[in-house]
Amino acid sequence: QHEFNYQKLSAEKKWTEEVAPPHLSEQQSSPHLPKAPVSLHKLLAVVVVRIAAQMKYTPLPTLLKTRFNGAGGNLDSEKLWKLPEARDFVPCIQPSSNYTTPDKTRGYLLVRTNGDLNQMRTGICDMVAVARIINATLVVPELDKRTFWRDTSNFSDVFDEDHFINALANDVKVVKKLPKELSSATKIVKHFKSMSSFKYYRDVIGSLWEEYRVIRAAKFDSRLTNNDLPSDIQKLRCRACYEALRFAPQIEAMGKLLVDRMRSYGHFIALHLRFEKDMLAYSGCTHGLSNAEAKELETIRDETANWKVKEIDATEQRYRGQCPLTPKEVGIFLNALGFPSETPIYIAAGEIYGGVTHMADLRSRYPLLMSKENLASVAELEPFTNHSSQMAALDYIVSVESDVFIPSYSGNMARAVEGHRRFLGHRKTISPDRRGLVHLFGQMEKGLLKEGSKLSNRIIEIHKNLQGSPRRRGGSGPGTKSMESTHSEEAFYTNPLPDCLCQRASQNVNTSIRQSNRKVDRSMQKEQLLLLKVL
C-alpha cells in the first residue's frame, strides 16, 4: 500500500502538469497533490483507469493533454502536430580519418556577399568549402549593403564572428582582415562559374596562385554544385552552416525569447508569408491586388537594375505555381488541412504588402496571428530595427524552432529553414503544392468547388508526402549533365541527406525491435486483464 501511495502521488502530479497551461503549471500543480493517505478504493480506481487507458494504447496523460491543451481541443489535433517518421536519421558531419588540418595556405580569398540573409548564409558556407578546396585563407566576408534591402549590418552584427573563426579552425584558416602588407598587393577579381565542380576550383581557380596572392570573388551565391563533391567537402558545408555560422549573441537571445513567448500559447505554426513588396515586384505576381498596387510593383521591377526579367504575365506565372500564396489562400489551405481557428501562428515575414487589407481574411479565420513586432516591445526590438538581415534572423530562429513550418513560397528562406529542420531531426515542414492549390482555388472562384470535406480531402491527399519526411536529395534526373539540368537540382541546403545525415540503425534491427515490442505489449495485456479480474 505504501508503494501504491507513492505511485499515485507521482501519477497525479504528472497529469496535473500536463493538463495545466505552460504559464500556470508551476503555480498550480502542487496545491492539487494530496497531503494525507487516501482510501484504498480511490487508489484502486486510479489503477483501473490507468490500466484501461493502457489497454487502449493511449496513455492517460497524452489523452488529457490532447483533449484539453493546445490548438484543436479534439483527439485529431495530435495528428496535426505529429512529427514525420525520422527513421533514425541523425547528423553525421565529422570528417574522415584522412582529413587534415590547414597548414600553410597559398593565399587569401576575399568575398562580398550578395542577396538576402539566406543567400548570404548559403554563399558564406560554400565559400568556406571553396577556401578548403583551393587551400586559401578566408577573410571574413563583407555583407551586401547595396541591393534592395540597403542593410548597413557588418558580419559581426549578424553572426558570431569569433565562434565562426574558432569553429572552423580545423577546416579553414579564417581571419578578420587582410594583412596590411597585402592591402596594396595586386588582386584578381574573378567571376566564379555558377554551380561549379571540385575540379574547376582545384585546377582553374587554384592555378591563379601562381600569379596572385589575393583572389576576390566577384559573386558567390550558387557558385558550388550541389552534388558530386568529395564527402569531406559536403560534410564541411554542413559544419559551416549548422555549427559554425551561428547568429550574433544578441540575436540568438532575442530569438529564444520570441520562441518562449510563442510556446506559452502551446503548439504553434511558423508561417513564412512571402507576401512582401520586393517578392511580389520581383515575381510579377498580382493576383488579388488592385490595379494601382499592380502598377506600383511593375514600376519597382522596372527601376531595379539587377532584376533582369521585366515583362511578366502574372496569370501564367500563377498557374505555373511560381507565385506565393496570398494570405487569403493560406487561410483556406490551413483550414483544409484541419488546423482549428485557435491555432497560434507566427508570421515570419517583413511588412505584408497592403497590410490590414490583405491580411483581413486570414486574420478572420486565425485571430492568433503573432509576429516579432507584437511579441516584443519596441524597446526590445530597437537594436534590430532598420536592419533587414537582423530582423530576418529573428524570423529564421523562430521558424526553425516551431512545431510546424509552412512557407507560402519556396524562396531562399523557405529552402534554408527546411534544410535546417531536416538536419535537426526532420521537424514537420509542410510545403504547399502551389500549382495544385491554384488549380483548386480556380475551381472555387468559378463556383465549381466549395470549402468543405471535398476540398479538404483533396488538399490533404496531395500534401500527405510533402511534410518533411526523410528522403534523398533530388537530382537533375537521368541524362548528360548540362548547366540547365544542374540548375534544376534540389539545393544542397534544402536537403542535406545523404551527405550529412546517416541512419543510426538498419531496417532489420528496427524490425526486430518492433516485433519484440509487440510481444511485450501482448504480455502486458494478459497481465492487465488478470489484474482487472482481481480488482
Side-chain angles (χ1 to χ4, degrees), residues 17-29 65-66 68-73 77-78 80-81 83 117 158 160 246-276 327 330-331 334 339-352 355-356 359 362-408 413-414 416-417 420-421 424-425 427-430:
E17 287 176 343
E18 295 213 30
V19 173
H23 58 290
L24 296 179
S25 58
E26 290 185 7
Q27 301 167 354
Q28 295 188 356
S29 293
K65 185 177 179 182
T66 303
F68 301 112
N69 188 29
S77 70
E78 281 297 308
L80 295 172
W81 308 105
L83 292 173
L117 172 72
V158 181
D160 189 333
R246 196 163 65 188
F247 289 118
Q250 67 274 15
I251 293 176
E252 291 277 347
M254 190 66 220
K256 184 181 184 302
L257 186 63
L258 294 174
V259 172
D260 290 344
R261 288 175 182 175
M262 282 304 300
R263 287 254 177 264
S264 70
Y265 293 92
H267 292 307
F268 73 94
I269 293 171
L271 172 63
H272 182 42
L273 189 58
R274 198 69 170 94
F275 203 75
E276 299 148 313
V330 168
L334 293 177
F339 287 101
S341 60
E342 63 267 29
T343 302
I345 300 175
Y346 178 88
I347 303 295
E351 184 178 352
I352 301 301
V356 175
M359 289 294 289
L362 176 60
R363 188 173 293 280
S364 69
R365 292 171 181 269
Y366 294 95
L368 282 179
L369 295 182
M370 306 293 176
S371 67
K372 50 191 175 293
E373 287 80 8
N374 56 27
L375 283 172
S377 67
V378 173
E380 287 172 322
L381 284 180
E382 193 275 331
F384 316 103
T385 307
N386 300 323
H387 297 287
S388 61
S389 295
Q390 297 180 47
M391 295 289 271
L394 297 176
D395 284 341
Y396 183 95
I397 291 170
V398 180
S399 296
V400 168
E401 294 299 323
S402 63
D403 296 290
V404 176
F405 175 64
I406 301 177
S408 67
M413 178 168 169
V417 170
H420 204 151
R421 290 171 67 86
L424 293 173
R427 297 174 179 179
K428 191 167 189 174
T429 300
I430 303 176

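The salt bridge (Lys or Arg N to Asp or Glu O under 4.0 Å) analysis of residues 387-402, with sequence neighbours excluded, yields the pairs K372-D395, E401-R427. Residue pairs meeting the ring pair (Phe, Tyr, Trp, His ring centres under 6.0 Å) criterion with at least one member in residues 366-389, sequence neighbours excluded, do not occur.
Counting non-hydrogen atoms of other residues, nucleotides and ligands closer than 6.0 Å to CG of N386 gives a total of 12 or fewer.
In terms of heavy-atom proximity, A414 sits nearest to H272 at N-CD2, 4.1 Å.
Listed by chain and residue number, F247, H420 satisfy the ring-ring contact (aromatic ring centres under 6.0 Å, His included) test with Y396 (two or more places apart in sequence, or in another chain). Every side chain to side chain contact (heavy atoms under 4.5 Å, CB included) that R246 has, sequence neighbours left out, goes to D160, H163, E252. Take E380 and apply the side chain to side chain contact (heavy atoms under 4.5 Å, CB included) test, not counting sequence neighbours, and it matches M254, L257, R261, A376, S377. A search for side chain to side chain contact (heavy atoms under 4.5 Å, CB included) contacts involving A270 returns S399, S402, F405, not counting sequence neighbours.
Separating the CG atom in L394 from the CG atom in L117 is a distance of 10.0 Å, to the nearest 0.5 Å. The CZ atom of F275 lies 8.0 Å from the CD1 atom of I352; values are rounded to the nearest 0.5 Å.
Side chain of D403 to main chain of I269: no donor-acceptor pair is present (N/O by atom type, distance under 3.5 Å, no hydrogens or angles).
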- prompt: Run the side chain to side chain contact (heavy atoms under 4.5 Å, CB included) check on T429 and V404 step by step: do they pass?
  reply: CA-CA 6 Å; T429 300; V404 176; over 6 Å; no

task: Would you check, one step at a time, whether the test side chain to side chain contact (heavy atoms under 4.5 Å, CB included) holds for L271 with V330?
output: CA-CA 9 Å; L271 172 63; V330 168; 3.6 Å; yes

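No side-chain heavy atom of I347 sits under 4.5 Å from any side-chain heavy atom of M370.
Between W81 and F339, the gap from one ring centroid to the other is short of 6.0 Å.
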